[in-house]
Amino acid sequence: MKKIQMQNPIVEMDGDEMTRVVWPMIKDILLKPFVELKTEYYDLHIKNRDDTDDKVTLAAAAAMKVHKVGVKNATITPNAARVQEYDLKKMWKSPNGTIRAILDGTVFRQPIIVKNVRPFVRNWQKPIIIGRHAYGDVYKNAEIFVDTPGKAELVFTDDKGNETRKEIASFDGSSTGVLQGMHNLTASITSFAKSCFEYALDQKVDLWFSSKDTISKIYDHHFMDVFADLYEKDYQQKFAAAGIEYRYFLIDGAIAKIMQCKGGLLWACKNYDGDVMSDMLASSYGSLAMMSSVLVSPYGYFLYDAAHGTVQDLYYQHLKGEEVSINSTALIFAWSGALGKRGEMDGNKELVRFAKKLEKATVSTIEAGLMTGELAMFATPKPEKIVTGEEFLQEIGKRLKSLLDA
């Protein structure tokens with residue numbers, strides 16, 4: 001068959017460990033046979049980030065501002081053990097956090113539903129979408145380790161030199177301690193809220209937002225106020241006309257209600273809350289590898305990625321020469337999302353069609369009982385055979401070709 005042409009490239013950000021092994025397999029088996037793939041490649045492997053003093057991450061984010069659509073592999077955020085393992089110069093910040101801080105916007109994560117894997121929460125009948133604020137908080141923090149007596153203060157100095165101070169804690173020297181400072185921007189919070197309201201309208205689902213304003217009476221309360229003001233000003237009538245509603249909850253109350261609801265809603269969370277809760281939801285729906293993820297920026301940038309990590313344990317098995325059964329569904333949906341959005345923005349109907357067929361081929365493969373180990377544990381009925389990661393991709397490739405030829 002004649003390959004589908006791309007008018008413009010997407011930004012391709014490669015990653016680490018087992019997902020780095022699978023990444024070229026996805027391209028070789030599912031993409032290149034059908035699409036004349038056009039990408040601008042950036043290697044975000046942990047050693048390359050270290051060798052470039054993380055400038056490659058900044059370059060990838062800059063490329064997103066040019067091409068507007070990107071796809072990102074899973075990457076390592078190093079801790080002390082990783083610094084030693086890879087002989088790094090230092091514990092570099094999360095590349096996801098760096099890129100999201102530059103692009104701003106909201107990360108939307110939604111479970112990929114298949115008929116033969118039911119959610120662990122028995123009353124969930126529809127997908128629960130997470131809308132995660134992608135700027136600030138702990139991902140753009142400042143930290144200090146305290147090992148001497150003294151006083152910690154939060155200090156703001158305006159451009160005229162005037163200081164506003166608030167004491168955090170006093171350290172008497174009887175114990176060491178830690179300090180952390182965080183910030184956010186009203187403009188970014190407003191973009192986050194607007195993105196969530198618009199996405200809820202697009203998906204025709206209720207929107208929940210949660211924070212802890214009873215404890216954080218300025219920081220979290222400001223988030224709550226921004227959402228409330230924007231809803232009252234611009235979205236209350238639109239939501240009523242669409243037959244959906246907006247509700248605010250304390251974060252602990254939201255978790256309790258999420259466990260009891262039927263699903264079919266968008267749950268907007270602050271940056272850290274969304275990071276944690278999206279993994280909880282993904283696992284509850286069957287697997288971390290069964291979650292689509294996209295960063296939507298108010299400036300028109302779309303970065304698709306997998307919501308899971310680099311699959312370190314399977315990578316070590318791979319290094320020993322063992323066969324690995326890795327579920328690449330989220331990585332495939334990252335590529336399909338990016339290619340579909342590229343086609344949509346360029347008016348390339350063939351590319352949009354290909355992206356939809358790729359997703360359909362992936363889901364139909366799993367629903368036919370051909371799946372990898374971690375998903376097979378939760379399938380009903382149990383598959384007769386657990387396939388390797390490469391076998392999984394090959395089967396999807398066969399189904400994709402049939403769908404495209406039809």
Side-chain angles (χ1 to χ4, degrees), residues 49-50 53-54 57-58 76-85 88-102 104 106-107 132-193 209-229 248-256 267-280:
R49 282 182 273 144
D50 190 64
D53 293 329
D54 211 26
T57 305
L58 301 178
I76 292 171
T77 300
N79 55 16
R82 294 297 208 161
V83 170
Q84 185 175 4
E85 179 182 359
L88 306 177
K89 298 170 186 173
K90 67 177 187 178
M91 284 189 283
W92 300 102
K93 285 185 175 290
S94 160
N96 286 337
T98 298
I99 293 167
R100 290 167 185 164
I102 293 170
D104 202 353
T106 302
V107 176
R132 173 187 170 189
H133 189 206
Y135 177 84
D137 293 349
V138 69
Y139 303 88
K140 201 171 176 62
N141 68 358
E143 300 178 319
I144 297 174
F145 181 80
V146 177
D147 57 3
T148 58
K151 181 172 68 172
E153 294 180 298
L154 184 64
V155 181
F156 174 74
T157 307
D158 68 21
D159 57 6
K160 296 180 181 178
N162 301 313
E163 291 185 349
T164 302
R165 292 176 173 267
K166 190 168 185 178
E167 182 174 340
I168 300 170
S170 292
F171 294 83
D172 60 11
S174 62
S175 174
T176 59
V178 288
L179 294 166
Q180 181 182 91
M182 303 190 308
H183 84 283
N184 227 294
L185 301 174
T186 301
S188 182
I189 299 169
T190 302
S191 294
F192 166 50
F209 172 63
S210 61
S211 69
K212 194 69 173 177
D213 68 287
T214 52
I215 303 300
S216 177
K217 298 182 183 296
I218 296 178
Y219 196 102
D220 278 27
H221 206 294
H222 189 54
F223 274 81
M224 183 187 73
D225 288 342
V226 169
F227 266 80
D229 292 346
Y248 172 77
F249 297 98
L250 292 173
I251 181 68
D252 44 348
I255 294 170
W267 182 13
C269 295
K270 290 166 54 197
N271 207 344
Y272 178 79
D273 296 342
D275 190 359
V276 175
M277 296 307 161
S278 62
D279 275 17
M280 182 273 289

S.K.: Check whether any side-chain heavy atom of Lys212 lies under 4.5 Å from a side-chain heavy atom of Asp252, and answer yes or no.
M.R.: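 A side-chain contact under 4.5 Å exists here.
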S.K.: What pair of heavy atoms forms the shortest contact from Ser170 to Glu167, and how long is it?
M.R.: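 In terms of heavy atoms, the two residues are closest at OG-OE2, 2.9 Å.
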S.K.: Tell me if the CD1 atom of Ile168 is crowded by more than 12 foreign heavy atoms within 6.0 Å.
M.R.: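 Atom CD1 in Ile168 is packed in, count exceeds 12.
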S.K.: Give, for atom CZ of Phe227 and atom OG1 of Thr190, the distance between the pair rounded to the nearest 0.5 Å.
M.R.: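 Between atom CZ of Phe227 and atom OG1 of Thr190 there are 9.5 Å.
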S.K.: Any sub-3.5 Å donor-acceptor pair from Arg49's side-chain atoms to Ile76's backbone N or O?
M.R.: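 Between the backbone of Ile76 and the side chain of Arg49 there is a qualifying donor-acceptor contact (under 3.5 Å).
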S.K.: What are the two closest heavy atoms between Ala80 and Met91, and how far apart are they?
M.R.: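 Result for this residue pair: N-SD, 3.4 Å.
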S.K.: Taking Asp53 first and then Lys89, would you say they form a salt bridge - that is, a charged N and a carboxylate O separated by under 4.0 Å?
M.R.: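 Result for this pair is yes, salt bridge flagged.
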S.K.: Can you see which heavy atom on Cys269 is nearest to which on Gly274, and at what distance?
M.R.: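 Distance-wise, the nearest heavy atoms are CB-N, 3.5 Å.
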S.K.: Measuring from Leu250:CG to Ser211:OG, what's the distance to the nearest 0.5 Å?
M.R.: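 Rounded to the nearest 0.5 Å, the CG-OG separation comes out at 7.0 Å.
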S.K.: Between Asp220 and Ile215, is any pair of side-chain heavy atoms under 4.5 Å apart?
M.R.: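 No, every pair of side-chain atoms sits at 4.5 Å or beyond.
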S.K.: Answer yes or no: does atom CD of Gln180 have more than 12 heavy-atom neighbours from other residues, nucleotides or ligands under 6.0 Å?
M.R.: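 Count over threshold, so yes.
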S.K.: Nearest heavy-atom pair of Thr186 and His222: which atoms, and what distance?
M.R.: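 Smallest interatomic distance, heavy atoms only, reads OG1-NE2, 2.8 Å.
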S.K.: Does Asp275 reach the side chain of Tyr139, with side-chain heavy atoms less than 4.5 Å apart?
M.R.: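 With C-beta onward as the side chain, the pair touches.
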S.K.: Would you sort out whether Trp92 and Thr57 count as a side chain to side chain contact (heavy atoms under 4.5 Å, CB included), showing the intermediate values?
M.R.: CA-CA 11 Å; Trp92 300 102; Thr57 305; over 6 Å; no
S.K.: Side-chain donor-acceptor contacts of residues 93-100 below 3.5 Å, not counting sequence neighbours, with atom names and distances?
M.R.:
| from | atom 1 | to | atom 2 | distance (Å) |
| --- | --- | --- | --- | --- |
| Ser94 | OG | Asn96 | N | 3.2 |
| Ser94 | OG | Gly97 | N | 3.0 |
| Asn96 | OD1 | Lys72 | NZ | 2.9 |
| Thr98 | OG1 | Ser94 | O | 3.2 |

S.K.: Do the non-hydrogen side-chain atoms of Leu154 and Arg165 ever get within less than 4.5 Å of each other?
M.R.: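 Heavy-atom side-chain distance check fails, nothing below 4.5 Å.
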S.K.: Hey, do the aromatic rings of Tyr135 and His183 have their centres closer than 6.0 Å?
M.R.: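 Between Tyr135 and His183, the centre distance is under 6.0 Å.
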S.K.: How about Asp172 and Ser174: does a side-chain donor come under 3.5 Å of a side-chain acceptor?
M.R.: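 Note: Asp172 and Ser174 side chains meet the donor-acceptor criterion.
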S.K.: Does the plane of the ring in Phe223 sit parallel, tilted or perpendicular to the ring in Phe209? Use 30° and 60° as the thresholds.
M.R.: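 Judged by the thresholds at 30° and 60°, the geometry between Phe223 and Phe209 is parallel.
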S.K.: For Val178 and Glu143, run side chain to side chain contact (heavy atoms under 4.5 Å, CB included): C-alpha distance rounded to whole Å, both residues' side-chain angles, the deciding distance at 0.1 Å, then the answer.
M.R.: CA-CA 7 Å; Val178 288; Glu143 300 178 319; over 6 Å; no
S.K.: Does Asp137 form a side chain to side chain contact (heavy atoms under 4.5 Å, CB included) with Tyr219? I'd like the steps, not just the answer.
M.R.: CA-CA 10 Å; Asp137 293 349; Tyr219 196 102; 2.3 Å; yes
S.K.: Should Ile189 and His133 count as side-chain neighbours, where that means a heavy-atom distance under 4.5 Å?
M.R.: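 In contact.
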S.K.: Where do Asn271 and Gly136 come nearest, in terms of heavy atoms and distance?
M.R.: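 Minimum heavy-atom separation between Asn271 and Gly136: ND2-O, 3.1 Å.
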S.K.: How about His221 and Asp225: do any of their side-chain heavy atoms sit closer than 4.5 Å?
M.R.: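 Sidechains of Asp225 and His221: in contact.
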S.K.: Which ring-ring contact (aromatic ring centres under 6.0 Å, His included) pairs, counting each pair once, include a residue from residues 156-180, with sequence neighbours left out?
M.R.: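 For residues 156-180, and leaving out neighbouring residues, there are no ring-ring contact (aromatic ring centres under 6.0 Å, His included) pairs at all.
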